Every structure is written in structure tokens, then in C-alpha cells.
Amino acid sequence: MSQVVTRFPPSPTGFLHLGGARTAVFNWLYARHCRGRFVLRFEDTDTERSSPRFVEAILEALHWLGIDWDEGPHFQSRRLDVYRDYLARLLAAGRAYYCTCPPERLEAMRREAMARGGKPRYDGTCRNRGLGPVPGAAVRFKAPQSGTTVLRDVVKGPIAFDNGEFDDFIVCRSDGTPTYNFAVVVDDITMGVNTIIRGDDHVMNTPKQIQLYEALGAPLPVFAHVPMVLGPDRTRLSKRHGAASVTEYRDQGFLPDAVLNYLVRLGWSHGDQEFFTRAELIAHFDLENLGRSAGVFDPEKLLALNAEHLRATPPAALVEPLRPFFRELGIELEGGPRTEKIIAGLAPRSKTLADLARQARFYFEDEVAYEEAAARAHLTAEALPALAAVAARLKALEDFGESALEEAFRAVMAETGLKLGKIAQPVRVALSGRAASPGIFEIIAILGKEATLRRLERAIAFIGRSRSSSGAGEAPPSPKRT
RNA sequence: GUCCCCAUCGUCUAGCCAGGUCCAGGACACCGGCCUUUCACGCCGGCAACACGGGUUCAAAUCCCGUUGGGGACGCCA
């Protein structure tokens, strides 16, 4: 094969969900791995259900995932003349015929066959009627009635189908538009697509398509049918299972590289490796290591992988993606060393971008909201001396570097006889509002002298207020315990 | 109903094609511990699987058959 050409052919009848995204990813990766060509094509021959807004949504999702294409997007709706041309060839070769059987009758036949326990198939009424191009007639492919059609699938191995299983399927609707099986084959032939990676819900279509390739005298592409992605209930993944669109993952704060990584690992492996950068994926992806069994989508693992990618991404590269999440909190994030330090400290503590932004909030607001449990435990009268000592010591300190701060705290320890934990926790709550946060010296260094002192004073005042309203030595009042 | 595919820890998977090195390895989740100013991160340890039944073979997670289970397809949808 000279150059590998793959394609992703979504029908714009819905959003790009995880399953579809994985198919796109596989095809894209394989093309990139082989230095081949990747074609994007919208299969919009179903005019009833297709919509431009889905085209936009799919484009947006692909863009977010970082999937680019070398050709297209093509639209089947704009290639009607091409299908007409190939239909004429089929007709001329005697491999197709016009059919005027009314849909209602076909439907009735199908129902009856199924009820009887047989396979629903066209009875061939018009097969030998030699009808001409009657207006309003559909066109059927004259399928071989005996023999076998073999699909040599690179992931499933050879699969033989008895031709008796298939009927004369429609290739052209009565309104002149091509049906799926015909349009795909014509497109893949004319676009030079020679490698087809798709969900295994297409295996039953493949023999029909192979017959079409043969009738058209075109060489067969390589077929790789990957198992489908199932929901936790082991049924086909759908809106019920998590997000309807991959862009929802973007909105929830997932990194495109993490989603990409997760999707690829669901159905493909490279030994024991779990974490892959985009470049590694391109370097290693192959058809050889695609799995044969269906996989269940696990949101927990996606989350864990996202956290890992968050940790692995340089803070500076996180500023842009983080911006919308901070904006959501009313914070305009700007780049720079301070922001990067904030991100660096929080990245290993976050699962998503949204998570990180939420945790970083306290850096930007002096009036930190004290978490009830944290305040009750640490902002107590008992903590007052420690807080006061730290405030005094810091007031006199010029160097707010982390090591200087640590020295200052050691001095407070010596002075008060308290352990570091007894000092650090109240300070932590005073500065961040929470009992869990990045390192205390790290926070102070980022906050700087002014803000730190301001927050310390505020906490001291808070404790004073709590005492006077609820008796000496008591924890601040809590609205209610539940 | 008919046809097709699949079957290793709860989940994603390695191992299977070229049988022994597998009383089955990694990851997520979960449970311990270490580190430690908190929480994470990191590190160490634990729990946990070859669906079942027959073959073939000196030897089977690996090969064959069957059963069961799961998924998919049966459109003038894609």
C-alpha cells in the first residue's frame, strides 16, 4: 500500500459522543502514525435528520480534541453527481435494477418474516422485471444469491458470510439520493480511502460493501472493526451514560490529551503503558494491538488519567485552558510567575481544571470564606497565641522566600513551645479558609506580606468575635450540625 | 427469530497467534503503611480474574468443540 488513507465519516445527526470520538481518534492516529492522509467526510444523505448545527458541533469537538484532517470536510449531499455516475455503472453492468415495490409492502414483509422466525429480506419481485428508470423508483443492488463473501478483518480475522443471508438492498432511494452502503463505497473509492477503522456494529454491512467494491471493480480496503464502547450497564454507550458530547468533558475541565489518552487505551494497548502523550500515541499506535472485546466506559479512570495529565502539564501551558474556569468564579486569570506557582501547587491536588480553579480561589480573595469544620477545629481561642506570634514575626520579616518563612516559623515554635502543626493549621485556615491546602510556606510566599498579614488579622478578629458571642474558649458558633 | 462478534481481577488491560519461564503482570477504584505543617503527589504493601464443560497434549489462560453469558446487525438510518 503506497500511502495509508483513513477517514472519519460522521453523520451530522447528533453530537460527537465518546464512541464516535474514539473512532475518529483511531483513524486519525493511524494516519498520523503512517504519515498517511486523514479525510473528514460528513454523511448527510439523511436529509431528515441531518443538521448544520451538528456539523458545527462535531467540528468543534474534533478541534478541541486536536484532531486535524488533510482533506475535507466533504459532504455527501454535495456529491450527488458522483453517486449518479457510479449508479449508472452498476446499472450498465447489470448489477442493479429499478424497483417499484411500495415501502409499506416491504415493511409488512419484514414484519411477517421476523414473526415467522425467518430473516427479513426482499423477495426479489422487481429483480427480473427489467424496469427502466421509472420516476419514483428506487434502485436495488443485484446481490449474488449463492457463494460466500469473506471479510478479512485485521482485528477479527477472516469472517465468511453466506451470500444467501443478504438480499438485494437498495442503493438509491426513490428521491435519487444514495443510501449508506452505496455512498460509503463510492466515497471511499473516489477518495482513495484504503484503510477503514470503524465500530464493529458495521460488520454486517461490510459483506454488502465488499460485493459493491467487486461489482465496481475496485480494490478492497483494509477493514479493522473495533469493538464498541459500552456503558457501565454493558449496553451500547448513549446519552444515558455520562456526557452526550465530548465537548461536555471540555466544559467539565478535562484536558483533551487526557480524553484522547483514555479513549485510545479503551480498546488498544501498548504493553502495560497507561499514560501516553500525544506524540507517544502517534509513535506507537497500530492496528496490531487493537482489542477484540468490547470495553466499558469508566468515568473514574478517565478522571484519574486527567489528573495525571494535569500533573504532567507545565503550569504555563495550563493558564489558557484554565481561564474560562476562573472566569466562571469571577476571576480574570493572568499569566505570569505568580499564576504559574499557584497552578503548580494545585495541579497535583486537582482532578480537573474546574477543580483546580475552585481550589485556587482563595489566592484571589482576601475575604476568604472559612469552611465551617475547618474554622471550628482551628480558628479557636487556643490558636490565638500562635496566630498572633506568627503575625508579629512576619511583620518584622522582609524576605518572604519559603526558606526564610520556614525559619520564621521555627522561631515561633521556639517562642511559643508549640509544634509546627499547632501553628500551621490555624494559619492555613486563616489564609485559605480550609484545613487542606498546598504547603503553608508556599501559600505565604505567593500571597506576600500584605495579604498574609491582612488575613491573619482578620482571622484573629474572627476568633475574637466568636468568643464574645459564644463564651470564652469555645469554638465559633456553627449554624447547625446535621 | 436469523446471522455475526466477543469472553483474564468490579473496570481498562498484558499474556493467547509461535502451549511450559503465569499458583497469571500492570492500571483505575478500594484497604493498610511510609513520607509529612494539612490535603494531595510520591513510595511500599494488600484485596481481587483465566465464565463453564469436554477434548488434544508429557504440559492449556494460551489450540479444538460444545454450553452459558454479553454485545451487535437484520431500514428507501448511518
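Every chain is numbered from 1 and lettered A, B, ... according to where its sequence line falls, protein lines coming before strand lines. Remember, predicted model here, so these are calculated numbers, not experimental data.
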(message) With a 4.0 Å cut-off on N to O distance, would you call A:Arg121 and A:Asp168 a salt bridge?
(response) no

(message) Could you check whether A:Arg53 pairs with A:Glu56 (Lys NZ or Arg NE/NH1/NH2 to Asp/Glu carboxylate O, under 4.0 Å)?
(response) no

(request) Tell which nucleotide pairs with B:G32, taking only Watson-Crick or G-U wobble pairs whose two distances are both under 3.5 angstrom. (result) B:C44

(message) Between A:Lys301 and A:Glu274, does any NZ, NE, NH1 or NH2 come within less than 4.0 Å of an OD or OE carboxylate oxygen?
(response) yes

(message) I need the minimum non-hydrogen distance between A:Ile58 and A:Gly14, along with the two atoms involved.
(response) CD1-O, 3.7 Å

(message) Please give the distance between the P atoms of B:U56 and B:C65 as a whole number of Å.
(response) 15 Å

(message) Please give the distance between the P atoms of B:U62 and B:A18 as a whole number of Å.
(response) 14 Å

(request) Would you mind classifying the nucleic acid contact of A:His202 as base, sugar-phosphate or nothing, using non-hydrogen atoms under 4.0 angstrom? (result) base

(request) Could you tell me which nucleotide pairs with B:C63 by Watson-Crick or G-U wobble geometry, both distances under 3.5 Å, or answer none if nothing does? (result) B:G55

(message) Once you apply a heavy-atom cut-off of 4.0 Å, does A:Arg434 come out as touching a base, just sugar-phosphate, or nothing?
(response) nothing

(message) Applying a 4.0 Å non-hydrogen cut-off, can you work out what A:Thr45 is touching in the nucleic acid: base, sugar-phosphate, or nothing?
(response) sugar-phosphate

(request) Taking atom P in both B:A51 and B:A14, compute the distance separating them and give it to the nearest angstrom. (result) 14 Å

(message) When the C1' atoms of B:C52 and B:C47 are compared, how many Å lie between them, rounded to an integer?
(response) 25 Å

(message) Looking only at the side chains, is there a donor atom on one of A:Tyr83 and A:Asp187 sitting less than 3.5 Å from an acceptor on the other?
(response) yes

(message) Please classify the nucleic acid contact of A:Pro438 as base, sugar-phosphate, or nothing, using heavy-atom distances under 4.0 Å.
(response) base

(message) Any base atoms under 4.0 Å from A:Ser437, or only sugar-phosphate, or nothing? Heavy atoms, all strands.
(response) base

(message) Students often get this wrong, so: under 4.0 angstrom with heavy atoms, is A:Leu420 touching a base, only sugar-phosphate, or nothing?
(response) base

(request) Please check if any side-chain donor atom of A:Asn163 sits under 3.5 Å from a side-chain acceptor atom of A:Thr149, or the reverse. (result) yes

(message) Taking only the C1' atom of each, what is the distance from B:G46 to B:A27 in whole angstrom?
(response) 16 Å

(message) Can you check the distance between B:G71 and B:C76, where both ends of the measurement are the C1' atom (answer in whole Å)?
(response) 28 Å

(request) With RNA chain B as reference, determine whether A:Lys301 or A:Ser269 sits nearer its 5' end, using the nearest nucleotide of each. (result) A:Ser269

(request) Search all heavy atoms of A:Pro158 against all heavy atoms of A:Arg152 and return the closest pair with its distance. (result) CB-NH1, 4.0 Å

(request) Identify whether any heavy atom of A:Gly291 sits under 4.0 Å from a base atom; if not, whether one sits that close to sugar-phosphate; answer base, sugar-phosphate or nothing. (result) nothing

(request) May I ask you to say what A:Glu274 touches in the nucleic acid, namely base, sugar-phosphate or nothing, with a heavy-atom cut-off under 4.0 Å? (result) base

(request) Give none if B:C17 has no partner; otherwise give the nucleotide forming a Watson-Crick or G-U wobble pair with it, both distances under 3.5 Å. (result) none

(request) Identify whether any heavy atom of A:Tyr262 sits under 4.0 Å from a base atom; if not, whether one sits that close to sugar-phosphate; answer base, sugar-phosphate or nothing. (result) nothing

(request) Quick one: do A:Arg311 and A:Glu308 satisfy salt bridge (Lys or Arg N to Asp or Glu O under 4.0 Å)? Show the steps, please. (result) CA-CA 5 Å; A:Arg311 271 175 255 135; A:Glu308 203 173 339; 5.3 Å; no

(request) Could you give the distance separating B:C23 and B:G66 at their P atoms, to the nearest angstrom? (result) 30 Å

(request) Identify the 5'-most and 3'-most nucleotides of RNA chain B with at least one atom closer than 4.0 Å to a non-hydrogen atom of chain A. (result) B:G1 to B:A78

(request) Would you kindly compare A:Asp233 and A:Pro103 by the position of their nearest RNA chain B nucleotide and give the one closer to the 5′ end? (result) A:Asp233

(request) Could you verify whether a donor N or O on one side chain and an acceptor N or O on the other, from A:Asn205 and A:His202, lie under 3.5 Å apart? (result) yes

(message) Taking the P atom in each of B:U67 and B:A60, what is the distance between them to the nearest angstrom?
(response) 24 Å

(request) Please determine, for B:G1, whether a Watson-Crick or G-U wobble partner exists with both distances under 3.5 Å, and give it or none. (result) B:C74

(message) I need the residues from residues 163-182 of chain A with at least one non-hydrogen atom less than 4.0 Å from RNA chain B; give them sorted by number, or say none.
(response) A:Glu165, A:Ile170, A:Arg173, A:Ser174, A:Thr179, A:Tyr180

(message) Counting the atoms with a prime plus P, OP1 and OP2 as sugar-phosphate, which does A:Arg121 contact under 4.0 Å by heavy atoms, base, sugar-phosphate, or nothing?
(response) nothing

(request) Give A:Arg265 one of three labels, base, sugar-phosphate or nothing, depending on what nucleic acid heavy atoms sit under 4.0 Å from its own. (result) base

(message) Let's test this: given Watson-Crick or G-U wobble pairing with both distances under 3.5 Å, identify the partner of B:U37.
(response) none

(request) With A:Arg458 as the cation and A:Tyr370 as the aromatic partner, state whether NZ or CZ is under 6.0 Å from the six-membered ring centre and within 45° of the axis. (result) yes

(request) Answer yes or no for A:Arg265 and A:Tyr262: cation-pi contact, defined as NZ/CZ to six-membered ring centre under 6.0 Å and angle to ring axis within 45°. (result) no

(request) For A:Ala304, answer base if it contacts any base atom (sugar-phosphate contacts may also be present), sugar-phosphate if it contacts only those atoms, and nothing otherwise; contact means non-hydrogen atoms under 4.0 Å. (result) sugar-phosphate

(message) Can you tell me the base-pairing partner of B:U68? Count Watson-Crick or G-U wobble geometry only, both distances below 3.5 Å, and say none if there is no partner.
(response) B:A7

(message) Looking only at the side chains, is there a donor atom on one of A:His225 and A:Arg198 sitting less than 3.5 Å from an acceptor on the other?
(response) yes

